[in-house]
Amino acid sequence: MLPKVYTPSKVEKRWSEKWQEEKLFLPDKNSEKETYTIVIPPPNITGALHMGHALNNTLQDVLIRYKRMTGFASYWVPGTDHGGIATQNILEKQLKAEGETREDLGREDFLKRMWQWYEECGNIILRQLKKLGCALDISKENVRFTMDEKRKNAVFAAFKDLWDKGYIYPGERIINWCPRCKTALSDIEVEYEEQNSKLWHVHYPSENGGKGLIIATTRPETMLADTAVAVNPKDEKYRSLLGKKLSLPLTGRKIPVISDESVEIGFGTGALKVTPGHDPLDFEIGERHKLERLQVISFDGLMINCPEKYKGKKAIEARKMIVRDLEEAGYLVKEEPYKHSVSTCYRCHAHIEPLISEQWFVKMKSLAAPAINAAESGEIKFHPENWKKPFLQWLENIQDWCISRQIWWGHRIPAWYCLNCCKGYLSTLSFGDKDSENRTYEILPANIYPNNRKELFKHGLIIISKEKPSSCPKCGGKKFEQDPDVLDTWFSSALWPFSVFNWPEKTKDLERFYPTSTLVTGYEILYLWVARMVMSGYEHMGKKPFSHVYIHGTVRDKKGKKMSKSLGNVIDPLEMMAKYGTDAMRFSLITQAIGGKDIPFSQEMLIGGRNFVNKIYNVMRFILMHIDENEKIKAPIPPFFDISDRWIFHRYNEMIRNFRNCMESFDASNALNHVYSFIWDDFCDWYIELAKPRLETEERKNVFAIIFKIFSGALKTLHPFMPYISEELYQNIKKYLVSPRKFLLDEEIDKFFPELTDEAALEEMTKVMDITSKIRTLRSQFSIPPAQKIKALISSPDARLRQTISRNTFRIKHLSRLCSIEIGEMPKPPESVCAISGAAAIYLPIKGIIDIEREKTRLLKELKKSISQAEYAKNKLNDKYFREKAPKNEVEKMKQRKREAEEKTAKLKSFIAELE
RNA sequence: GCCCAGUUGGCGCAGCGGUAGCGCGUUCCCUUGACAUGGGAAAGGUCAUAGGUUCAAAUCCUAUACUGGGCACCA
């Protein structure tokens, strides 16, 4: 005998192991079926599964299982991402705890450690996904990694391709520099935070001591690198100063007043200090006016090239000192509170420093064109669609992509420099590598400005090669140096939908599975990842990478805040799975993943899921409890004569239709709701209740046949959402099923069959259910204990209705716990309470215990409702516009409503009269 | 500044043209042999505000107000 309460952990372990052992999730190589493919958004190898992963992967699993069970050969491609900066940061933290830095270790040893980390921890997350029930084959041969050999090939091929086409180039410009991660970032890797700061107004006097002008700035520390002050040419206020020179406070350096259209008249003071070395807009102005670029903040975020007192100070400290010095020297005119957004690093949230440096870029404009077309034409569809517009807007305003990172963990840029050819362009500064025995000349690391890649590029001295070239094609030289930078981790991610199939090799899998079907992802990486996959898909494969983008929201805490360690509001999915069961967690995630909206998640929400699991488990227990182990069950054969049988098939069929429709329109949440209420409300609460007495009659065999048919069918629809409980129960009833498969996943979910639609059965059962509810309400209101069987009288002038009721006497009796029902056309007996169900009046004779006042109050309340309903319907029908313009069936409906409300009113009135 | 969502019972959300549903919570009754992680019942919402379209609006349109998000700007 099964225990009363289901314990998930054992069951989950058993099935997740079994599924893997049996290779259930690998695609059938010989299948003729249409493929359905999803490539996993590869989780970073940074550690443990979080709620976001749980949501993302649950949704993918739902789709994969659903498709597989509706006739597709589905394949979910697993893998992990090396996760550049994020992973390197973790290791650096570890080193720090050991009192070391990556520089201490040197590049080679540091990378060794990184790989060791990957070997040890790289697959933890996949094992956790296995626990989550994901239909992913996580065997070593099947799992991809963004830095394994095959993916390396893909990265090189893509790089080479873009290089040959002239899209990749080294360039020098202002980039986003994270002084903490010590690397450049692309524009979309920068986040913005609103911050209360100040706007300082500073007096810049003329060089001859004249009045000069006043500028406003939020970053006074950068004034040490000012090389001009710009005003709008149309600004009358400053016209006389144009071309004159100002004396920069604190240093006395002379800087010109220039005119530039980009300066907005009336913004701030209308005069803009120009700092080409530390501000993107100023950099552009500097370009236009050929201004000198000074750098006063280093790549470590410390002050350099400045008066001694500031040197080596952090920028933020230098700011305080400079403000104080300005004030003391009388240059500070005013200081006002100012709110502006500060850019921060998406990995560590340190302040981003805009700095000039030489980086590798990809020209994006022409790559974006096919992606724009794909979104516009609907070749790639978004679910929900409202992300299409932002997606397009981003692509339309696309900037060149900075792909070089000054970290060590990643795909090293496959650019080589022949030391002989490059002599003269290269400096001799070292960049901390220990693996440079034979090095004569070295490439400057990009974080030391300036360096010379752009010169080498101009002279055609950059060699693109996967391995170290054997000899220089120009001079035959043998000594080479590889570019020190690595590629943005998103560069390899962008190739994922085809690199997983070993592109550029022309594999069968690539042929068979590309383009993939659906990509499931959170909106936060729509540009960072999705847009780039679309672009690379068209560029390298000539085809879109996927047809649908299924976008979900972010899992937040119950107040809507982002989960973060610092806020202490993180909910650990593993803990939740252990506590409530995996199916319960999946249930609550899915039911809330609606229309791409964020999910306010809390533990309480898991209760509903857990209860549902328990409910299903128990109905199973009930079924098994009443069947003999050796009993043979045949397929149920229509036509069915019992109204509840006809009704449950009707409801089941409707559920199937709704379920399928929802799934096809990417509404997993609603699909699950339909399954949920079918199982709980229709099947358990009504059908099984009605089946109970029948199990002891000659109907027994038929009833079981139907129970197994319906229940196994429901388990199939449930399987994509809650794989464990459904599999477990399926295995338990397998022997009673007609043609069971080894695993539930191999079964086919039923189709919608129009011929099973049975409106008559629905109508009749609805009647039975309504009468039952009315009687239950009376019993509850008059505190008749459930154990007490009582008599009911049902009166109606409608002969057909009386017939219907009498056909269902035993059902109503059973459901309402009555000893007998008398049907006829009778007056309300004395000492009875009553209710109205449509055209029928229900009387429960109760001797001596009726509280007259209470009954009267109750009836008056009902009467009031009934009168207002009749009133409403009457008014509607009196409205000639309604009668003329509304569709006929609406008018009919209203007429019926009026009739029913009026009948009810009349009855209630008479009942009340009798009480007086 | 531009754009996009959201505003529905105590809480979280569905519904998106015919007078409101779900889950959790609350109150009452019930340990009847699948399930108290259960059953039955009840209370509780004029669907943000103001206009408009329509025979009919939570549902469509237009403003407004909050809330959240994306993009741009940020001297």
Side-chain angles (χ1 to χ4, degrees), chain A residues 2 4-6 192 194 197 199-202 215-219 229-230 263-264 267-275 279 281-282 338-343 384 386-387 389-391 393-394 397 523-524 526-527 553-554 556 558 560 580 584 588 591-592 594-602 604-605 607-626 669-670 673 676-677 684-685 688-689 692 772-773 775-787 815-817 868-869 872-873 876 879-887 889-891 893-894 897:
Chain A
L2 296 164
K4 267 167 121 175
V5 173
Y6 173 74
Y192 294 90
E194 276 267 296
S197 176
L199 187 63
W200 289 276
H201 294 244
V202 182
I215 57 94
T217 179
T218 54
R219 300 201 61 193
V229 167
V263 181
E264 202 179 314
F267 194 109
T269 61
L272 170 68
K273 73 194 252 322
V274 183
T275 323
D279 183 277
L281 183 70
D282 295 5
Y338 193 73
K339 205 183 236 178
H340 70 140
S341 49
V342 184
S343 44
N386 33 332
W387 280 103
K389 205 170 150 186
F391 183 85
Q393 272 169 357
W394 186 79
N397 298 317
Y523 56 78
E524 58 271 22
L526 202 59
Y527 314 133
T554 308
R556 294 166 179 274
K558 69 168 158 190
Y580 298 95
S588 64
T591 46
Q592 293 208 98
I594 303 148
K597 285 202 280 203
D598 284 356
I599 296 175
F601 196 86
S602 64
E604 299 95 79
M605 293 181 21
I607 293 171
R610 182 202 57 183
N611 294 357
F612 182 44
V613 170
N614 186 250
K615 184 78 185 178
I616 310 161
Y617 173 77
N618 271 292
V619 76
M620 169 88 269
R621 279 180 70 220
F622 170 80
I623 296 167
L624 292 179
M625 210 175 264
H626 288 84
S669 168
N670 246 328
N673 274 337
Y676 174 88
S677 59
C684 292
D685 284 354
I688 288 286
E689 282 313 315
K692 279 176 181 173
T772 302
S773 295
I775 297 173
R776 283 169 174 176
T777 303
L778 284 177
R779 294 184 66 121
S780 174
Q781 229 127 50
F782 292 96
S783 311
I784 302 162
L815 294 169
S816 321
R817 308 195 65 79
S868 83
Q869 289 221 338
Y872 174 83
K876 272 277 183 190
D879 184 346
K880 81 169 196 217
Y881 295 105
F882 174 73
R883 272 176 290 140
E884 281 167 15
K885 295 198 173 174
N889 66 320
E890 285 304 325
V891 179
K893 257 156 75 183
M894 200 53 71
R897 202 140 91 194

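Reminder, nothing fancy here: chain letters follow the sequence lines and each chain counts from 1.
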**Study point:** Below 4.0 Å: OP1/OP2 of B:G38 and any side-chain N or O of A:Asn611
**Key:** yes

Exercise for review: Run through A:Tyr617, A:Tyr580, A:Phe612 and flag the one making a ring pair (Phe, Tyr, Trp, His ring centres under 6.0 Å) with A:Tyr6.
Suggested key: A:Tyr617

Review point. If we take the P atom in both B:U62 and B:C4, what is their distance in whole Å?
Key: 10 Å

Practice item. Give one of base, sugar-phosphate or nothing for A:Pro786, where a contact means two heavy atoms less than 4.0 Å apart. Key: base

Check your understanding: Which of the following nucleotides, B:G70, B:C35, B:C13, is nearest to the side chain of A:Pro390?
Key -> B:G70

**Study point:** Distance, rounded to the nearest Å, where A:Lys692 contributes NZ and B:G39 contributes P
**Key:** 11 Å

**Study point:** Rounded C1' spacing from B:C22 to B:C47 in Å
**Key:** 15 Å

Review point. Can a side chain N or O of A:Thr777 be found less than 4.0 Å away from OP1 or OP2 on B:A41?
Key: no

Check your understanding: With a 4.0 Å cut-off on heavy atoms, is A:Tyr527 in touch with a base, just the backbone sugar-phosphate, or nothing at all?
Key -> sugar-phosphate

Practice item. Look through every strand shown and name the nucleotide pairing with B:U49 as Watson-Crick or G-U wobble, where both distances are under 3.5 Å. Key: B:A63

**Study point:** Protein-nucleotide distance (A:Lys597, atom NZ; B:C4, atom C1'), rounded to Å
**Key:** 13 Å

Check your understanding: Expressed in angstrom and rounded to an integer, what is the separation of A:Glu890 atom CD from B:G17 atom C1'?
Key -> 10 Å

Review point. Under 4.0 angstrom, heavy atoms only, what part of the nucleic acid is A:Tyr676 near: base, sugar-phosphate, or nothing?
Key: sugar-phosphate

**Study point:** Touch class at under 4.0 angstrom, heavy-atom based, for A:Lys389 against every strand present
**Key:** sugar-phosphate

Practice item. For B:A43 versus B:U7, give the span between their C1' atoms, rounded off to a whole number of Å. Key: 25 Å

Review point. So what does A:Val613 touch, heavy atoms closer than 4.0 Å: a base, only the sugar-phosphate, or nothing?
Key: nothing

Exercise for review: Rounded to the nearest angstrom, tell me the gap between atom CD in A:Glu524 and atom P in B:C4.
Suggested key: 22 Å

**Study point:** Listed nucleotide nearest any side-chain atom of A:Glu689, set B:U37, B:C74, B:C35
**Key:** B:C35

Check your understanding: Taking the P atom of each, how far is B:C61 from B:G70, in whole Å?
Key -> 25 Å

**Study point:** Euclidean distance, atom CD1 of residue A:Ile616 to atom P of B:C35 [Å, nearest integer]
**Key:** 16 Å

Check your understanding: What nucleotide among B:C74, B:C35, B:C55 has an atom nearest to a side-chain atom of A:Pro887?
Key -> B:C55

Check your understanding: Could you state the CZ-C1' distance from A:Arg883 to B:C55, rounded to the nearest angstrom?
Key -> 11 Å

Practice item. Please work out if A:Ile623 contacts a base, only the sugar-phosphate, or nothing of the nucleic acid, heavy-atom cut-off 4.0 Å. Key: nothing

Point to revise | Closest to the A:Ala886 side chain, choosing from B:U32, B:C55, B:C35 | key: B:C55

Check your understanding: Rounding to a whole Å, what distance do you find between A:Ile599:CD1 and B:G6:C1'?
Key -> 16 Å

Revision key, fill the gap. Out of B:C13, B:C35, B:C4, minimum distance to the side chain of A:Ile594 belongs to B:C13

**Study point:** Per A:Lys876 side chain, nearest of listed nucleotides B:C35, B:A56, B:A75
**Key:** B:A56

Check your understanding: For B:C22, which nucleotide in any strand shown is its Watson-Crick or wobble partner with both distances under 3.5 Å?
Key -> B:G12

**Study point:** Distance test, side-chain N/O of A:Arg897 to OP1/OP2 of B:U19, below 4.0 Å
**Key:** yes

Point to revise | Length of the line joining A:Ile215:CD1 and B:A75:P, which is rounded to integer Å | key: 11 Å

Review point. If you measure from the P atom in B:G15 to the same atom in B:A56, how many Å do you get, rounded?
Key: 25 Å

Practice item. Determine the contact category for A:Glu884: base if any of its heavy atoms lies under 4.0 Å from a base atom, sugar-phosphate if only primed atoms, P, OP1 or OP2 are that close, otherwise nothing. Key: nothing

